[in-house]
Amino acid sequence: MRDSYDFRSIEQKWQKKWFTSRDFQVTEHSDRPKYYALEMLPYPSGKLHMGHVRNYSLGDAVARYLWMHGYNVLHPIGWDSFGLPAENAAIKNNTHPEKWTLDNIANMKRQCMRLGISYDWSREVTTCFPDYYRWNQWFFLRMFERGIAYRKKGIVNWCNVCQTVLANEQVEDGRCWRCESEVEKRELEQWYFRITDYAEQLLQDLDQLQSWPEKVITMQRNWVGKSVGAQVRFSLEGDDEPIEIFTTRLDTIFGATFMVLAPEHPRVAQLLTHHPDGEKAMEEVRKYRAQQSQIREGGESEKLGLFSGSYAINPFTHERIPIWIANFVLMEYGTGAIMAVPAHDSRDYEFAQKYRLPIRRVIEPDSSSGSETAHPETSQDSLPYCQYGRLIDSGAYSGLTSEEALQKMYALIKAEGIGEPTVTYRLKDWGISRQRYWGTPIPIIYCPDCGAVPVPDDQLPVRLPRVENIKLGVSPLATVAGFLKAPCPKCGKSGKRETDTMDTFVDSSWYFYRYCDPDNSRMPFAPEKVKYWFPVDQYIGGVEHAILHLIYMRFFTKVMRDLGLVTWDEPVLNLFTQGMVTKDGAKMSKNKGNVVDPDEFVDLFGADTVRLFILFAAPAEKDLDWKETGAEGCFRFLNRIWRVFSNYEASIGQPCGEVQPRTENDRKLLRELHQTLQRAGQDMSRFHMNTAIAAVMKFLNSLYDYDERVAEKNWPLLRNVFEKMALILSPFAPHFCEEIWERLGHQGNISFQHWPQADPVWLAEEQIEIVVQVNGRVRGKLLVPAGIDEESCKKLALEDRRIQSYLAGKAIQKMVYVPGRLLNIVVP
RNA sequence: GCGAAAGUGGCGGAAUUGGCAGACGCGCUGGACUUAGGAUCCAGUGGGGCAACCCGUGGGGGUUCGACUCCCCCCUUUCGCACCA
């Protein structure tokens, strides 16, 4: 790398300047319009990986680009610093989670600084500090007051080897991510957030998120999983207590030939007491339950079921139908019981075939609506038929369409009191309890008399006590006597603190509000500060957060709105999901040993090159394969600029007069410069960083061309060229551009200069090239004056010898003329 | 199985509204400068053919003067969901 520009000293110089003179610190007091650029806050796992570098390079390009457009840009960073990995690392390395975490933060902060990202470091938020997590507790208490935070028994993932609850994300293919033993389901008492109360809003307000990726919207919509249907009570034969089922296809109820309960359904045990061989049946049911509690390993497992011995009455046909218990019905969804309509549901059909249960067709394709080519259906082979259609063999409803029948049937069940139209959601309440140490203590004291009592606000934060020697199998906080015992805030009697901590997704649900007012000790944030900065104008992060984090933060904002803290429904206007950084096509992971360390490449090429390459190598939303030779190419590009700049520096270093193009070469270069400005600006506003950079590279080639063929250089022009190049490249390679900017005799941070606009005068070409086609094939090109009219252009084309040879005296059928573009001559 | 996105040179990728396919970069080939080149500069680089020219955007149809782009069918890959009643 001999002869390369001295990126080490240049980058150090500017980083020092930016951060000591606090160039990027912002306040709400500005006459510029505000812009909030946000990147997902990192988990401090040790060192930055290339995914972080990509995220922050993108965010920084956006932030600096907007500064140059006159905005007051908030661009903060923080650390999502509670969580399991810290605890695991502590156990493994015999250290403390706090030390491990703070060391990692220090290292990663150094790495961020080294990349020259324009963060406002005065707003750094660290979620494991009491001045942050006390507000988690504060939010918890507000939610507790409103019944949004509540305690209930729930099914959780339990690893018997590690003796702990696992988050869903920590269960991979039904096994514990650490010890790979099978995960069980356990019933435990846990704290929950009633996110289901917001299910409808979370769904509805997706419409406000016009510039979120379609993919994320779809994933969220599916996650909330709304189904419109009805709950219907089926009375039992010889039993007063009916069983309620949920269906979205009430129109098929005349075809309901049996009922199926989930193995966990509360009525199962009671029903089986009437079973001739109840013991054995119960044994079978336990098998199903055990099977269900393991998470199934992909694909559907075989449907198994047994007859309960009891019968229900179909409220529409008044027929008695057998009640079965089967492994394919889920207790968690709907009512845990279904009416089975084998003719019109593929699962019911499969089950009915296996156990030889009656199948009755009640819907047929609606030939009157739709383009259905009316096959004379021979019922058997076209079943199950799962679409809407027209009802048959359905009593008074026969002949109606599904839609018509549904409305009438909903009305009937309501009138008869046997059911009601219902909406169900897949979304479940958010279980936030973790039997772990490194997290926010839940601010609750259990009093033998008063029950679960909230810790009063003035006693916040409930500090996380220091626990040495964290062990498995023991809830760490329960081992700290000084923490565990606490007087009941209501009656003063001796009580016990909650020893569970909060899910770390709570921390990341509102951190971006805290950035607006990070030092507030009276409130999570001052509403007026948040009001100034919000909503987030651009959020950038990995698509892996499409569901959890991005739904939780939307939920939190809605709760905050209901608490009167904010006035909007949605916190983030625009979301951009970047692609992954891979190596040799595979996700980087320690196991595979293909992790690329950013530090190594910053050492080798400098931060500007690394940033440039990571934005250039692929469109930002797609996966990017890290290639060292590619990074070298970007390094070469910066060096090429540097080389030609160094040659000219003495002549253009100081302002040297007006730009006056004198020759055709001058004019050509100037035109190309302005075309580049145009292109780069357009591309950046569309997040097409790769093509924006390509445009500048292309321009550099023109500059080399100019350098080679023009002996008498136009210094004012070249000065202008370097100014503009430095400006448009500065969001990507800021140190490099600052240096050039300074050497051109300018003062002041280049990111606060105006983005250079293309001058329309120089965008207009005097001569344009018209493509001439014959029958759609390119047969020639004409250089014509820009304002040429259609007739002269056609005339020129027909006079062209080459074109004539293709026409060969044939009669012209048609000529298609696209002004400024092409002429297509059609001949037989 | 359902849903979404995507398939373009040796590779990463370009191509506002249908209008010169392959910008830009990597790699490769040749040359220059050099004791040297893994530095730099210049030239070339989709395939076939000496050439004129022909063929080329996963495959097959279609619409159009004109299709990477629009429509229909099929194949492949990636991602998401996965017994949701």
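The side chain of A/Arg821 places no N or O atom within less than 4.0 Å of a non-bridging phosphate oxygen (OP1 or OP2) of B/G18. A/Asn639 has no side-chain polar atom (N or O) that falls below the 4.0 Å cut-off from OP1 or OP2 of B/U40. Contact annotation: A/Lys814 reaches the phosphate of B/C65 (side-chain N/O to OP1 or OP2, under 4.0 Å). Phosphate proximity of B/C26 to A/Arg636: present, with a side-chain N or O under 4.0 Å from OP1 or OP2. For B/C55, one of the phosphate oxygens OP1 or OP2 lies less than 4.0 angstrom from a side-chain nitrogen or oxygen of A/Arg777.
The residue A/Val778 sits close only to the backbone: its heavy atoms come under 4.0 Å of sugar-phosphate atoms, none of a base. Using a 4.0 Å heavy-atom distance criterion, A/Asn222 is classed as making no nucleic acid contact. Counting any heavy atom pair closer than 4.0 Å across all strands shown, A/Glu769 reaches a base atom. Across all strands shown, A/Asp348 has no heavy atoms under 4.0 Å from either base or sugar-phosphate atoms. The residue A/Gly633 sits close only to the backbone: its heavy atoms come under 4.0 Å of sugar-phosphate atoms, none of a base. Across all strands, A/Arg686 comes closer than 4.0 Å to base atoms (heavy-atom distances). Using a 4.0 Å heavy-atom distance criterion, A/Arg709 is classed as making no nucleic acid contact.
The separation between A/Arg640 atom CZ and B/G25 atom P is 7 Å, rounded to whole Å.
Checking B/A23, B/C53, B/G25 against the side-chain heavy atoms of A/Arg802 singles out B/C53 as nearest. Of the candidate nucleotides B/G25, B/G19, B/A23, B/G25 has the atom nearest to the side chain of A/Met697. Here the nucleotide nearest the side chain of A/Phe616, chosen from B/C41, B/C65, B/G12, is B/G12. Side-chain atoms of A/Met219 lie closest to B/G80 of the nucleotides B/G80, B/U16, B/G19. Among B/A14, B/A15, B/C83, the nucleotide with an atom closest to any side-chain atom of A/His688 is B/A15. When the nucleotides B/C83, B/G12, B/A85 are ranked by their closest atom to the side chain of A/Thr248, B/A85 comes out on top. Comparing B/A85, B/G27, B/G19 by their closest approach to the side chain of A/Thr629 singles out B/G27. Here the side chain of A/Arg643 is nearest to one of B/U40, B/G13, B/G3, namely B/U40.
Searching all strands for a Watson-Crick or G-U wobble partner of B/A36 with both distances below 3.5 Å returns nothing. The partner of B/G80 is B/C2, by the rule that a Watson-Crick or G-U pair needs both atom distances under 3.5 Å. Across all strands shown, B/A67 remains unpaired; no Watson-Crick or G-U wobble contact has both distances below 3.5 Å. When both distances must be under 3.5 Å, the Watson-Crick or G-U wobble mate of B/C41 is B/G31. Pairing of B/A52, defined by two Watson-Crick or G-U wobble distances under 3.5 Å, is not identified with any nucleotide.
Remark: the A/Glu708 side chain and the B/C42 base include no donor-acceptor N/O pair separated by less than 3.5 Å. Within 3.5 Å, a donor on the side chain of A/Lys781 pairs with an acceptor on the base of B/C20, or the reverse. Taking 3.5 Å as the limit, the base of B/C11 and the side chain of A/Lys627 contain no donor-acceptor pair of atoms between them.
Here, B/U34 and B/G22 have their C1' atoms 35 Å apart, quoted to the whole Å. Nucleotides B/C20 and B/C68 have their P atoms positioned 10 Å apart, rounded to a whole Å. Nucleotides B/G10 and B/A6 are separated by 23 Å at their P atoms, to the nearest Å. Taking atom P on both B/C81 and B/U29, the two are 46 Å apart, rounded to the nearest angstrom.
Counted within 6.0 Å of CH2 on A/Trp223, heavy atoms from surrounding residues, nucleotides or ligands total 12 or fewer; the atom is thus considered open. More than 12 heavy atoms of other residues, nucleotides or ligands sit less than 6.0 Å from atom CZ of A/Arg686. The 12-atom threshold is not exceeded at NZ of A/Lys795, counting heavy atoms of other residues, nucleotides or ligands nearer than 6.0 Å.
Toward the 5' end of RNA chain B, the nearer of the two residues A/Ile547 and A/Tyr704, judged by each one's closest nucleotide, is A/Tyr704. When each of A/Asp705 and A/Tyr806 is assigned the nucleotide of RNA chain B with its nearest heavy atom, A/Asp705 is the one assigned upstream, toward the 5' end.
Applying ring pair (Phe, Tyr, Trp, His ring centres under 6.0 Å) to A/Phe601 and the options A/Phe7, A/Trp626, A/Phe635 leaves one that passes, A/Trp626.
Taking the O4'-C1'-N9-C4 or O4'-C1'-N1-C2 dihedral as appropriate, B/G12 has a value more than 90° from 0 and is therefore anti.
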